[in-house]
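What's counted below: heavy atoms across the whole structure, side chains too, no hydrogens, waters or symmetry copies.
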Amino acid sequence: MADPHDAIEQLVRRPWFWRADQPLPIIVVTGPDGGAAEAAARLAAPFQDVVPHASADSGEYATLYDLVAALAGEHGQLGKPVPGSFLPPPRFPLVQFVLWARRQRDDRPADDDAWDGAGAAGRWPPAPHSRTGQDEFKERVKAWRRARFGGDRNRRTAADFIGRAATTWVPLGTLAVWLAGGASDLVGLIPWALGILVALSGTALQAVLSIRGSFFNGWFRRQPYLTRRRFERLPRYALRLANASDDEIDRLLIHAFCQDLRQAYQRWIIPWPSWGRGLYGMLVLEARRSGEATERFLRILEETTEETGLPAPILVIAALPDELKDERRSAAPADLARLPALVEGWRGKVRRRVPRLRMVVAAGGHLPDADHRPRLLRSRLRAIAYWSAVALLVVGPAVWAVQNQRDRLAHCGGLDFAERIDGECVGVVNADGPAPGDLFTGDVTRAGDGAGHRQRRCHQGRGRPRGRDHEPAPGRGLPRGAGRP
């Protein structure tokens with residue numbers, strides 16, 4: 001009989017980069033009191049130290065906000081490094097921004113009596129249209145961004161984003177050098193200055209946008225829950241989130257959680273660690289009562305996935321009692337006037353083709369052993385291949401630049417018709433009239449036009465004149481920047 005851990009390993013193992021990622025199910029384990037939770041823990045035990053992993057027991061967190069903060073907050077379980085993965089852990093900039101904005105609701109200023117957000121003295125948080133409130137949140141956003149980059153861990157995060165940006169812009173800077181390399185020898189430093197400028201400015205800009213979160217914040221304008229309005233500034237949007245209801249914030253939190261995971265596994269055009277990730281994350285939840293944080297997390301996760309058609313790239317193993325094992329799909333009757341909207345929504349669901357996420361299994365019988373050893377060679381080879389490509393993109397252009405500079409020096413500043421021999425440029429003789437036919441031995445690689453102007457190339461060790469009578473006048477007809485032949 002096959003080991004259940006083999007099935008779990010097949011699910012968490014990511015397909016090769018030329019194949020599309022597959023949706024992951026929610027494995028619901030049912031059983032008597034304590035039996036379902038023990039079976040779920042045994043299923044996940046062999047993978048706790050090899051994949052991004054998090055767990056939450058029934059009643060451990062009072063609200064969904066606390067649960068998401070423990071999973072994907074600034075010190076969340078899923079954001080911890082995974083030993084042996086050779087890759088940085090997933091980042092959660094979207095979730096952490098929503099968590100921070102929701103936290104401002106309880107962070108009243110010391111002089112809160114001075115606030116008059118909507119005509120009521122002492123209101124906090126102030127209304128979204130309050131000018132005073134927007135100014136206050138503008139300063140809070142600045143302070144939050146500065147506080148995020150203090151400490152050793154956040155410095156490593158900044159270095160990680162700088163390295164990710166360099167793998168894109170160092171090759172582009174080298175390409176700029178190559179494209180501008182046709183400039184004349186007098187301005188030979190211009191291509192190198194242009195390449196360095198492209199590499200440094202592009203790396204700095206992308207790294208700053210990634211560290212600040214601006215690289216991903218545009219997603220808030222494209223999602224359906226508490227959508228950020230066009231041209232709405234981030235402090236005002238944060239103020240609007242602070243005024244939102246718990247239900248709205250919970251849905252946005254779950255959707256942002258899924259989006260952060262999708263960005264961690266999305267195959268970007270630019271080099272990104274997602275190319276090297278060979279294993280999906282795992283989340284183990286236990287719920288015993290309807291309405292508690294873990295049960296609400298599962299329900300909203302399924303609802304937002306069905307509404308958006310975007311499943312999260314994480315395997316969820318949930319221990320639930322029998323009364324909570326099935327999805328609850330409400331089909332309340334709507335007014336006849338809303339029939340066009342219902343038809344449009346139904347067609348959207350058909351286009352999304354979201355599979356049924358829940359896969360229900362019973363925990364009865366013999367429980368699987370927890371000594372299964374996952375096969376990690378494939379995932380580690382993928383990570384090593386990613387770092388090899390990164391090294392090639394960073395070191396390769398530098399090697400090319402050094403070799404190109406040596407070639408330019410050996411050919412008198414990049415002249416393809418001359419070589420530097422004993423400190424002098426040798427290779428071309430330009431004369432006013434036709435050269436005698438027996439002047440050179442060897443291949444004649446370039447001939448002049450009908451007006452009598454000739455250019456002939458002499459290779460090193462070949463093409464020496466047979467007599468001094470045919471030697472051209474010193475310095476006559478040499479190309480600019482070349483020495484005497």
Asks: If you round to the nearest 0.5 Å, how far is CH2 of Trp219 from CD of Gln263?
Replies: 8.5 Å
Asks: Just by distance, do the side chain of Gln77 and the backbone of Ser55 share a donor-acceptor pair under 3.5 Å?
Replies: yes
Asks: Hey, are Glu248 and Ser245 close enough side-chain-wise for a donor-acceptor pair under 3.5 Å?
Replies: yes
Asks: Regarding Thr132 and Asp135, do their side chains bring together a donor and an acceptor under 3.5 Å, going by distance alone?
Replies: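 On atom types as modelled, these side chains do not qualify, holding no pair under 3.5 Å.
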Asks: Between Arg277 and Asp21, is there a salt bridge with N-O shorter than 4.0 Å?
Replies: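 Arg277 and Asp21: not salt-bridged.
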Asks: Check whether any side-chain heavy atom of Ile27 sits under 4.5 Å from a side-chain heavy atom of Ile8, and report yes or no.
Replies: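 Of all side-chain heavy-atom pairs linking Ile8 with Ile27, at least one is under 4.5 Å.
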Asks: To check you understand the geometry: which heavy-atom pair defines the closest contact between Val50 and Pro374, and what is its length?
Replies: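 So the minimum-distance heavy-atom pair works out to CG2-CG, 4.3 Å.
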Asks: Please give me the minimum heavy-atom distance between Asn243 and Pro125, naming the atom from each residue.
Replies: OD1-O, 3.5 Å
Asks: So Phe220 and Phe97, ring-ring contact (aromatic ring centres under 6.0 Å, His included) or not? Walk me through it.
Replies: CA-CA 11 Å; Phe220 286 111; Phe97 172 76; 5.6 Å; yes
Asks: Mind checking salt bridge (Lys or Arg N to Asp or Glu O under 4.0 Å) for Arg240 and listing every partner two or more places apart, or none if nothing turns up?
Replies: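 Per chain and number, Arg240 pairs via salt bridge (Lys or Arg N to Asp or Glu O under 4.0 Å) with Glu232.
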Asks: A side-chain contact here means heavy atoms from C-beta on lying under 4.5 Å apart; do Phe137 and Trp144 qualify?
Replies: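 The answer is no; the side chains never approach within 4.5 Å.
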Asks: Check whether Glu38 reaches the backbone of Gly35 with its side chain - one donor and one acceptor, N or O, closer than 3.5 Å.
Replies: no
Asks: Taking Arg102 for its side chain and Tyr65 for its backbone only, find out whether a donor-acceptor pair lies under 3.5 Å.
Replies: no
Asks: Let me confirm one number: the OG1-CG distance from Thr304 to Leu310, rounded to the nearest 0.5 Å.
Replies: 9.0 Å
Asks: For the backbone of Lys325 and the side chain of Arg358, can you confirm whether one donor and one acceptor N or O come within less than 3.5 Å of each other?
Replies: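 Such a contact is found between Arg358 side chain and Lys325 backbone.
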Asks: May I ask you to test the Leu239-Pro126 pair for a side-chain heavy-atom distance under 4.5 Å?
Replies: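 In contact.
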Asks: Just checking, is any N or O donor in the side chain of Glu286 or Thr294 under 3.5 Å from an acceptor N or O on the other one?
Replies: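 Short answer, no.
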Asks: For the CG atom of Leu24 and the CE atom of Met282, what is their distance to the nearest 0.5 Å?
Replies: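 Between atom CG of Leu24 and atom CE of Met282 there are 10.0 Å.
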Asks: Nearest 0.5 Å please: distance from the OG1 atom of Thr30 over to the CG atom of Leu324.
Replies: 11.0 Å
Asks: Do other residues, nucleotides or ligands put more than 12 heavy atoms under 6.0 Å from Asp247 CG?
Replies: yes
Asks: Between Val390 and Trp275, is a side-chain contact (heavy atoms from CB on, under 4.5 Å) present by the stated rule, with each step listed?
Replies: CA-CA 11 Å; Val390 168; Trp275 289 95; over 6 Å; no
Asks: Ignoring hydrogens and angles, tell me if any N or O in the side chain of Tyr61 forms a donor-acceptor pair with the backbone of Val68 under 3.5 Å.
Replies: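 Here the side-chain-to-backbone pair does not exist.
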Asks: Is a side-chain N or O of His75 found less than 3.5 angstrom from the main chain of Ala69, in a donor-acceptor match?
Replies: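 No; judged by distance alone, with no hydrogens or angles, the pair does not exist.
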Asks: Please step through side-chain contact (heavy atoms from CB on, under 4.5 Å) for the pair Val284 and His53, ending with a clear verdict.
Replies: CA-CA 8 Å; Val284 182; His53 178 271; 3.8 Å; yes
Asks: So, Arg13 and Gln10: side-chain donor and acceptor under 3.5 Å apart, yes or no?
Replies: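 No, no side-chain donor-acceptor pair sits under 3.5 Å.
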Asks: On a heavy-atom basis, which atom in Ala312 and which in Cys258 lie closest, and how many Å separate them?
Replies: CB-SG, 3.6 Å
Asks: Is it true that a side-chain atom of Ser274 and a backbone atom of Gln266 form a donor plus acceptor pair closer than 3.5 Å?
Replies: yes
Asks: Looking at every non-hydrogen atom in both residues, tell me the closest pair between Val141 and Pro235 and how far apart they are.
Replies: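 Nearest pair, atom of Val141 first, then Pro235: CG2-CA, 4.1 Å.
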Asks: Ignoring hydrogens and geometry beyond distance, is a side-chain donor-acceptor pair present between Gln22 and Tyr280 at under 3.5 Å?
Replies: no
Asks: Just by distance, do the side chain of Gln96 and the backbone of Gly73 share a donor-acceptor pair under 3.5 Å?
Replies: yes
Asks: Can a salt bridge be assigned to the pair Asp246 and Arg296 using a cut-off of 4.0 Å between side-chain N and carboxylate O?
Replies: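 No salt bridge links Asp246 with Arg296.
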Asks: Of the non-hydrogen atoms in Leu315 and Pro25, which two are nearest, and what is the gap between them?
Replies: CD1-O, 3.5 Å
Asks: To the nearest 0.5 Å, what is the distance between CD (Gln134) and NE2 (His129)?
Replies: 9.5 Å
Asks: Does the side chain of Ser58 come within less than 4.5 Å of Glu292's, by heavy atoms?
Replies: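 With C-beta onward as the side chain, the pair touches.
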Asks: How about Ile384 and Trp387: do any of their side-chain heavy atoms sit closer than 4.5 Å?
Replies: no
Asks: Could you tell me the separation between the CG atom of Leu226 and the CZ atom of Arg229, rounded to the nearest 0.5 Å?
Replies: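 It is 9.5 Å, given to the nearest 0.5 Å.
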Asks: Could you please spell out the steps behind the side-chain contact (heavy atoms from CB on, under 4.5 Å) verdict for Val316 and Leu357?
Replies: CA-CA 10 Å; Val316 180; Leu357 293 182; over 6 Å; no
Asks: Identify the two heavy atoms, one from Pro321 and one from Ala287, that lie closest to each other, and give their separation to 0.1 Å.
Replies: CD-O, 3.0 Å
Asks: Does any non-hydrogen side-chain atom of Pro93 lie less than 4.5 Å from one of Asp260?
Replies: yes
Asks: As a quick check of understanding, evaluate side-chain contact (heavy atoms from CB on, under 4.5 Å) for Arg14 and Arg382, giving each step before the final call.
Replies: CA-CA 10 Å; Arg14 192 181 184 193; Arg382 180 168 179 159; 3.5 Å; yes
Asks: Using a strict 4.0 Å threshold on nitrogen-to-oxygen distance, state whether Glu136 and Arg140 make a salt bridge.
Replies: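 Salt bridge between Glu136 and Arg140, a charged N being under 4.0 Å from a carboxylate O: yes.
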Asks: Any non-hydrogen side-chain atom of Leu279 less than 4.5 Å from a side-chain atom of Leu376?
Replies: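 Sidechains of Leu376 and Leu279: in contact.
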Asks: Between Arg289 and Glu295, is the closest basic N to carboxylate O distance under 4.0 Å?
Replies: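 Salt bridge between Glu295 and Arg289, a charged N being under 4.0 Å from a carboxylate O: no.
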Asks: Say whether, by atom type as modelled, one donor and one acceptor occur between the side chain of Trp124 and the main chain of Gln104 under 3.5 angstrom.
Replies: yes
Asks: Kindly check if the number of other-residue, nucleotide or ligand heavy atoms within 6.0 Å of CZ (Arg233) is above 12?
Replies: no
Asks: Do Leu298 and Ile26 have side chains that approach each other closer than 4.5 Å (heavy atoms only, starting at C-beta)?
Replies: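 A side-chain contact exists here, since the closest heavy-atom pair is under 4.5 Å.
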Asks: Using only atom types and a distance under 3.5 Å, with no angle test, would you say the side chain of Asp107 pairs donor to acceptor with the backbone of Arg103?
Replies: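 Side chain of Asp107 to backbone of Arg103: no pair is present.
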Asks: State which residue, out of Leu94, Val95, Leu241, fulfils the side-chain contact (heavy atoms from CB on, under 4.5 Å) condition with Leu252.
Replies: Leu241
